[in-house]
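The structure under discussion appears below in the form of structure tokens.
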There are 2 protein chains.
Amino acid sequence: MTSTRDALIDAAADLLTTGGPAAVTLREVGRRAGVSHNAPYKHFADKEELLAAVAARDLDRRAAATRRAARYRPPAEALRAMLHGYARHAARDPELFRLTYGSWHDGSADLGAAATAARAAFVDVVVAAQADGSLPPGDPERLAALMLALVHGATDLALSGHLARRGKGHADPADLVDDLLGHLGAR
Amino acid sequence: MTSTRDALIDAAADLLTTGGPAAVTLREVGRRAGVSHNAPYKHFADKEELLAAVAARDLDRRAAATRRAARYRPPAEALRAMLHGYARHAARDPELFRLTYGSWHDGSADLGAAATAARAAFVDVVVAAQADGSLPPGDPERLAALMLALVHGATDLALSGHLARRGKGHADPADLVDDLLGHLGAR
DNA sequence: ACCTGAACACCGTTCAAGT
DNA sequence: ACCTGAACACCGTTCAAGT
């Protein structure tokens with residue numbers, strides 16, 4: 001049993017993934033959800049709030065995937081898996097990635113909570129990696145921010161074509177993650 | 001003497017900076033440039049191409065500012081100044097930053113050339129910093145990519161509110177740049 | 001409480017025409 | 001070569017009304 005609200009979020013996410021932001025029209029969202037073109041206004045204040053709900057759902061799923069990547073693995077390995085997973089997810093659905101980490105939707109408390117939860121899952125593994133000596137000491141939140149910023153930036157630059165594409169300078173986001181972990185002394 | 005084309009680019013950049021992407025309408029761009037609402041089509045194939053021209057101009061200016069930041073300074077200091085300048089520029093004009101590094105405008109060869117030039121200016125300083133021992137050896141383009149990805153990611157996450165805002169985990173993009181340089185052993 | 005259909009203002013783009 | 005004004009299709013949003 002999916003509520004109309006969930007059907008609207010599904011439809012919006014599908015349209016975004018398939019056709020980019022321009023394809024997400026409330027008219028088409030309504031049509032796919034089997035309701036009229038302005039039924040969305042009974043569930044969301046406006047289009048931006050609908051998109052914020054799509055982003056919040058993506059963040060929730062990422063946080064879950066991040067925690068899964070950490071299970072049954074030594075911290076250093078879990079760390080690498082989480083960061084690689086971040087880049088892989090973005091490469092698989094660039095439009096959704098851009099929405100989720102795009103311009104901030106102030107209206108949504110859900111989004112803020114989901115973002116905090118996703119970050120917390122990552123910080124936990126950083127703490128564990130520091131405890132077993134595979135990451136240097138220091139404020140774990142700040143070290144986590146360093147790694148998240150790196151993987152986010154590498155991913156975003158790769159998507160927009162601002163990373164050298166070929167030749168000796170070529171590097172995937174995953175390569176840059178490995179470079180950073182190497183410089184940090186993670187084993 | 002500014003051509004109509006330059007006036008259109010100016011108007012579009014102004015509107016973007018002031019009111020975000022939604023404020024950039026061809027009608028208002030034309031009005032500010034003193035022409036009709038579809039005169040832009042005589043200079044650009046469509047709206048996207050106009051925005052690509054705005055982005056290319058921004059990249060050119062950044063490349064120039066990056067080279068300026070490197071003059072009369074030891075490499076390690078120049079490096080830090082360039083990276084801090086990157087973050088500062090983005091904080092000063094977030095909308096322009098998002099446009100320039102946002103979804104790729106395939107149509108524009110100018111944009112690709114401008115992006116390559118901006119990157120090259122940075123790589124030169126990395127090479128100099130490696131030569132005087134303030135950066136570790138290795139492929140300079142790849143090391144440059146690591147630093148650019150970090151400052152880009154930190155900046156983008158800060159703009160979208162995905163970086164911890166307060167408390168012990170708080171870190172500016174500039175702080176994360178310094179952290180990375182510290183881990184790389186830059187003096 | 002949730003939904004519909006008509007309507008409004010606005011936008012990107014096209015086209016025929018002007019100089 | 002560059003520009004204008006009218007027109008078209010489309011979109012987000014509002015509103016009065018229905019169950």
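Residue numbers begin at 1 in each chain, while the letters A, B, ... track the order of the sequences.
Rounding to whole angstrom units, CG of residue L8(B) and P of dC2(D) are separated by 12 Å. One interatomic measurement links the two molecules: OH of Y41(B) to C1' of dC8(D), which rounds to 13 Å at whole-angstrom precision. Rounded to whole Å, atom P of dG12(C) lies 11 Å from atom CD of E28(B). When rounded to the nearest whole Å, the span between NZ of K42(B) and P of dG5(D) equals 13 Å. If you take CG of L15(A) and P of dC10(D), they are 16 Å apart, rounded to a whole angstrom. Counting to the nearest Å, the C1' atom of dC11(D) and the CD atom of E48(A) are 16 Å from each other. Remark: C1' of dT13(C) and CG of L50(B) are 14 Å apart, rounded to the nearest angstrom.
Note on V29(B): nothing from the nucleic acid sits closer than 4.0 angstrom, heavy atoms only.
At distances below 3.5 Å, at least one donor-acceptor pair connects side-chain atoms of S134(A) with backbone N or O atoms of A129(A).
The pairing partner recorded for dT4(C) is dA16(D), the criterion being a Watson-Crick or G-U wobble arrangement whose two distances lie under 3.5 angstrom.
For T25(A), whose side chain is taken as the heavy atoms from C-beta onward, the closest listed nucleotide among dT13(D), dC3(D), dG12(D) is dG12(D). Distance from the side chain of H37(B) is smallest for dG5(D) among the nucleotides dG5(D), dT4(D), dC3(C).
Judged by closest nucleotide on DNA chain C, S36(A) is the one of S36(A) and R27(A) placed further toward the 5' end.
Between the side chain of D46(A) and the base of dT13(D) there is no donor-acceptor pair of N/O atoms closer than 3.5 Å. Remark: the N38(A) side chain and the dG12(D) base include no donor-acceptor N/O pair separated by less than 3.5 Å.
For H43(A) and dA1(C), the shortest distance from a side-chain N or O to OP1 or OP2 is not below 4.0 Å.
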